[in-house]
Amino acid sequence: SAAPAPAAAGGEGDVPSPLAGLVVSVDVKVGDTVSEGQKLVTLEAMKMNTIVSASTGGTVKAIHVGQGDAVEEGQSLLSLA
């Protein structure tokens, strides 16, 4: 039987989008060490910018979105390790 597809969001270390919107900027790169509260991604929804910050410290393992991408609420923006 086919293996189940990996979940798009909710993996350990994943940083979910708090809302649906557009990615204005990705403020970190893979390999960066981030601290709790550091700005990771800026989103724009209904003409308002929302800062997505790190809930914990860690290292940026993967970035799943780019500037100009449309994202859904709960979608993984990036992964921290």
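Just so we're clear, the structure is a prediction, and the values are computed from it rather than from any experiment. For this chain, numbers begin at 1 and follow the sequence in order.
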Participant: Which pair of heavy atoms, one from Gly37 and one from Ser53, lies closest together, and at what distance?
Facilitator: O-CB, 3.5 Å
Participant: As an exercise, state the distance from CG of Leu19 to CE of Met48, rounded to the nearest 0.5 Å.
Facilitator: 10.0 Å
Participant: Quick one, Leu77 with Leu40, criterion side chain to side chain contact (heavy atoms under 4.5 Å, CB included). Give me CA distance, side-chain angles, the key distance, then yes/no.
Facilitator: CA-CA 9 Å; Leu77 301 174; Leu40 302 174; over 6 Å; no
Participant: Are the side chains of Asp32 and Gln38 in touch, meaning some heavy atoms are under 4.5 Å apart?
Facilitator: no
Participant: For Val65 versus Ser76, what's the shortest heavy-atom pair and its separation?
Facilitator: CG1-O, 4.2 Å
Participant: Quick one: closest heavy-atom pair of Val30 and Lys61, and the distance?
Facilitator: CG1-O, 3.7 Å
Participant: Are the side chains of Val41 and Leu78 in contact, using a 4.5 Å heavy-atom criterion?
Facilitator: yes
Participant: Walk me through whether Leu43 and Val23 qualify under side chain to side chain contact (heavy atoms under 4.5 Å, CB included).
Facilitator: CA-CA 5 Å; Leu43 300 174; Val23 177; 3.9 Å; yes
Participant: Is the closest side-chain heavy-atom distance between Val52 and Pro18 below 4.5 Å?
Facilitator: yes
Participant: State whether the number of non-hydrogen atoms from other residues, nucleotides or ligands found under 6.0 Å of Glu44 atom CD is greater than 12.
Facilitator: yes
Participant: On a heavy-atom basis, which atom in Ile51 and which in Lys39 lie closest, and how many Å separate them?
Facilitator: CG2-CG, 3.4 Å
Participant: Do you know the tightest heavy-atom contact between Gly31 and Thr59?
Facilitator: O-CG2, 3.8 Å
Participant: Looking only at heavy atoms, what is the nearest atom pair of Thr56 and Leu80, with distance?
Facilitator: O-CD1, 3.8 Å
Participant: For a 4.5 angstrom cut-off between non-hydrogen side-chain atoms, does Ser79 reach His64?
Facilitator: yes
